[in-house]
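Data block below; observations after.
Every chain is numbered from 1 and lettered A, B, ... according to where its sequence line falls, protein lines coming before strand lines.
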Number of protein chains: 2
Amino acid sequence: MAVARRSGPERVPSHPDIREISLQQVLEALVDPIRRRIVRELYAARRELACGTIDLPVSKSTATHHFHVLREAGLIRQYYAGTSRMNALRSEEFEQAFPGLLRALMEQRERE
Amino acid sequence: MAVARRSGPERVPSHPDIREISLQQVLEALVDPIRRRIVRELYAARRELACGTIDLPVSKSTATHHFHVLREAGLIRQYYAGTSRMNALRSEEFEQAFPGLLRALMEQRERE
DNA sequence: CGGAAGGTACGACAGCTGTCAAACTTCGAC
DNA sequence: GTCGAAGTTTGACAGCTGTCGTACCTTCCG
């Protein structure tokens, strides 16, 4: 499902409507430390970041996987800028759908 | 670690100090819908509940497992009252360690 | 054009974990 | 004492998912 029309190589990823996302999906996304790290960086930066600028202790393909999960969970929006992919936190929308949740999570200090 | 002194069959489970618990552990506990359901019931009830009074769509052994995970994550406190086991949400302590988190999670409506 | 940079897609694989049944333990009631 | 109720323990198993390498695709730049 969520098949975007095939009109070539499909460089525009599909983003779910946030209202279709369950708390379950959000928690599954955020339970992974690497994904939480990504969201934390976006949250702290308060702006969009290219995949490349967020350095992660995993391979490129794994990173792609994590971004995909975050996108499917409605947490980020992705689009291309040249060869690099930009990531934007969907803060306002997410706040509407899950009031207070992102903030409560981000405010927690993580033990390093 | 966290070995309670062995003085018989050990009916008193050990409870971790909440300060030793990581956000990771909490999220891992709360990502499971059944465990979230347990916590929700305790949160709504605002009092302790016996395992038996929380009916869950899983076998007894699986239920035991879930309670165990919640206990290890510092979310509940357990003790025996006769043959039944009581469960209490560790609300205040948890609030101190993870301010705003439990509430933010519990306030979210879950799609049934 | 040709190459390099930045990502994606696809298998494959290992480890985790939620699940159950069966056997056992403890406590209360009769 | 014996029986049942309530949970626990153990072992087994299946499914999920985070991980990687490799091959591939776009886009930019010289």
Atom NE2 of A:H68 and atom C1' of C:dG7: how far apart are they, to the nearest Å?
14 Å
Between C1' on D:dT19 and CG on A:L56, what's the gap in Å once rounded to a whole number?
13 Å
Distance-only criterion, 3.5 Å: show the donor-acceptor pairs between side-chain atoms of residues 42-56 of chain B and protein atoms not counting sequence neighbours.
{"from": "B:E48", "atom 1": "OE1", "to": "B:Y79", "atom 2": "OH", "distance (Å)": "2.2"}
{"from": "B:T53", "atom 1": "OG1", "to": "B:A50", "atom 2": "O", "distance (Å)": "2.8"}

Between atom CD in B:E28 and atom C1' in C:dG18, what is the gap in whole Å?
14 Å
Just to be sure I understand the rule, does B:Y80 reach a base, reach only the sugar-phosphate, or reach nothing, if contact means heavy atoms closer than 4.0 Å?
sugar-phosphate
Output for pair (B:S14 OG, B:E72 CD), nearest 0.5 Å, gives 5.5 Å
Flag side-chain contact, heavy atom, 4.5 Å: A:L75 against A:I21
no
How many whole angstroms separate atom NZ of A:K60 from atom C1' of D:dT26?
12 Å
Quick one: pull up CG in B:N87 and CZ in B:R90 and give me the separation to the nearest 0.5 Å.
12.5 Å
When you get a sec, tell me which of C:dG18, C:dA21, D:dT19 is the closest nucleotide to the side chain of B:S59?
C:dA21
Using whole Å, report how far CD of A:Q25 lies from P of D:dT17.
11 Å
Separation of atom CZ in B:R71 from atom C1' in D:dG7, rounded to whole Å:
12 Å
Could you say whether A:R35 or A:G82 is positioned toward the 5' end of DNA chain D, judged by the nucleotide with the nearest heavy atom to each?
A:R35
In whole Å, what is the span from the OH atom of B:Y79 to the P atom of C:dC27?
16 Å
Between A:D32 (CG) and C:dT17 (C1'), how many Å, whole number?
15 Å
Whichever of B:H65 and B:S61 has the more 5' nearest nucleotide on DNA chain C, that residue is B:H65
Would you classify A:T62 as touching base, sugar-phosphate or nothing, given that sugar-phosphate means primed atoms plus P, OP1 and OP2, and contacts are heavy atoms under 4.0 Å?
base
Which pairs with one or both residues in residues 27-37 of chain B pass salt bridge (charged side-chain N to carboxylate O under 4.0 Å, His left out), sequence neighbours excluded?
B:R36-B:E110
State whether the distance check finds a donor on one side and an acceptor on the other, under 3.5 Å, for side chain B:T83 versus base C:dG28.
no
